[in-house]
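Scope of the values below: all heavy atoms of this structure, side chains included, with no hydrogens, waters or symmetry mates. In listed order, ligands and their atoms are each counted from 1.
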Amino acid sequence: MSKELFDKIVNHVKVQGFVYSGSEIYGGLANSWDYGPLGVEMKNNIKKAWWKKFVSESKYNVGLDSSIILNPKVWEASGHVATFSDPLIDCKYCKSRYRADKLIEEYNPEIKASTMSNSELEKFISTNIPCPKCNHKEYTTIRNFQLMFKTSIGVVEDQKSLAYLRPETAQGIFINFKNVQRSSRKKIPFGIGQIGKAFRNEITPGNFIFRTREFEQMELEFFCKPGTDLSWYDYWKNYCMQFLYDLHIQKDNLKFIEYEKTELAHYAKATCDILYNFPFSDTFEELWGIAARTDYDLSRHQEYSGENMQYLDPETNEKYTPYVIEPSVGVDRLMLALLCDAYDEEIINEKDTRIVMHLHPFIAPYSVAIFPLSKALSNKANAIYDMLCKHFSCDYDEAGSIGKRYRREDAIGTPYCITVDFDTENDESVTIRDRDTMQQQRIKITDLISFLNDKIKL
Ligand code: ATP
């Protein structure tokens, strides 16, 4: 894959109305993006897919929607106030600013910069790496840059109190562990899933929607008995990878990276990432983080809040603080992976290529598009649209030749197109065309809903 291909994909999804530059009429706001009509449909479908597999269809898990602004003590307990920062280094000559660990990893991907101390990072950079912008090798010392966005609560200026926009959804889950366990009468093992916005004042956002300051996460905190945690860790690792396969992401573009013991956070027993082969990078990049976090989070909240976070096993009468497995993935980042994976410039013959997005039918912004062959048939086509739009997200198009209309839908990934023609009135049937095979078949209008339901399911 290549940067050139990535630029093409980004351009394509912008032009088609998946994603727009944020605050565009005011000259933009760097690295912020707005999701257009197709983008919001696709994003909602990704969230629906995750919720279906990780909450609705899992007999272990339930859902939650906690606040974005939490009591600031939450972030003291979680360790974010003290340690959620990135090492920042500036070029003294051209003033370019870098995340020190990323600068090293880009210079040599073999080096695990995340395990180096600030003085080791500084020393390595100033002896080895010329500034990528101006080629000088004169840097400032490293400063730790707090990634949480601060805000304040209250209307009276001198009584305002400091608060943070959450940098992850996970802590909202931990602080509600007891509430959920009690009210849903869940027994260990069980999990709590949440989808929501998170905010990080990233030093080096970029690569389109890969890394932004405002993004959405889909997180599961799975609570289990100490000692069973590593087998649940394997369970959820496989579950996450299977989810990506089910979304039809090409297997070759995915892989696990398991972190060495020396690279783990002090409280973690095991951590891995699922990486995706994003075209903007020569190496695979993080898509999904999965961690075995022991009882760190619940214990810290117990310590800081004074509330008992232990679980009493009703069968054995044993009391313990559950261990946690956390699979965490960004909606926007998964959307980028799905878009890159689906994009195809297919050569039909010597003179003809088509741009087609091979998105999984469950994920595609529109499930089906309805075309009247001629405007004279628009009443009938509209009646079919009205019937189908109660079940599926539908597009309607009566402009241009049928061939052109097919191509427009291919380019945005619509898996099925229905053409209403002059025979429809007589045989109560339509032609349905498959995006990937381009095969057409005649089908009764009364069979459309079950046909589509069967094809679109996940
Ligand atoms: P990185 O090392 O790339 O900064 P991280 O390891 O801090 O990421 P986590 O805290 O594990 O990321 O977040 C879990 C998931 O949330 C990531 O795997 C990614 O999919 C998503 N994510 C994290 N930060 C961002 C961001 N700034 N923009 C978009 N998605 C993000």
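Within ligand 1, counting atoms from 1 as listed, the ones closer than 4.0 Å to a heavy atom of R99 are 4 (O). For ligand 1 and F210, the ligand atoms under 4.0 Å from any heavy atom of the residue are 28 (N), 29 (C), 30 (N). Every atom of ligand 1 is numbered from 1 in the order shown, and the set under 4.0 Å from a heavy atom of G289 is 18 (O).
At a heavy-atom distance under 4.0 Å, no atom of R213 approaches ligand 1. Looking at L287 against ligand 1, only its backbone comes within 4.0 Å, counting heavy atoms.
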Evaluate Y311 against F177 for ring pair (Phe, Tyr, Trp, His ring centres under 6.0 Å), listing each step before the verdict.
CA-CA 10 Å; Y311 173 76; F177 166 69; 7.3 Å; no
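Exactly one of E409, R435, R408 qualifies for a side-chain hydrogen bond (donor to acceptor under 3.5 Å, both in side chains) with T414. That residue is E409. Tested against T169 for a side-chain hydrogen bond (donor to acceptor under 3.5 Å, both in side chains), the candidates E219, E221, K197 yield a single pass: E219.
In this structure, K255 is positioned above the aromatic face of F284, its NZ or CZ under 6.0 Å from the six-membered ring centre and within 45° of the axis. Stacking of K237 on the aromatic ring of F256 is recorded, both the 6.0 Å distance cut-off and the 45° axial limit being met.
For atom 25 (C) of ligand 1, the candidate residues are W288, F84, F215, F199; the nearest heavy-atom contact is made by F215. Comparing E326, E286, E202 by heavy-atom distance to atom 8 (O) of ligand 1, the nearest is E286.
The shortest contact between atom 28 (N) of ligand 1 and any protein heavy atom is with T212 N, 3.1 Å. In this structure, the protein non-hydrogen atom closest to atom 1 (P) of ligand 1 is R211 NH1, 3.5 Å. In terms of protein heavy atoms, atom 15 (C) of ligand 1 is closest to S328 O, 3.5 Å. Annotation: atom 7 (O) of ligand 1 to nearest protein heavy atom, R200 NH1, 3.1 Å.
At a 4.0 Å cut-off, not a single heavy atom of M335 sits close enough to ligand 1 to count as contact. The shortest heavy-atom distance from Q217 to ligand 1 is under 4.0 Å. No heavy atom of D332 sits closer than 4.0 Å to any atom of ligand 1.
The aromatic ring centres of F280 and F208 sit 6.0 Å or more apart. Side-chain rings of Y235 and F222 stay apart, their centers remaining 6.0 Å or farther from each other.
In this pair, Y296 and Y267 present their aromatic rings parallel. The plane angle is below 30°, not in the 30 to 60° band.
Under 4.0 Å is where a charged nitrogen must lie from a carboxylate oxygen, and between K8 and E345 at least one such pair does.
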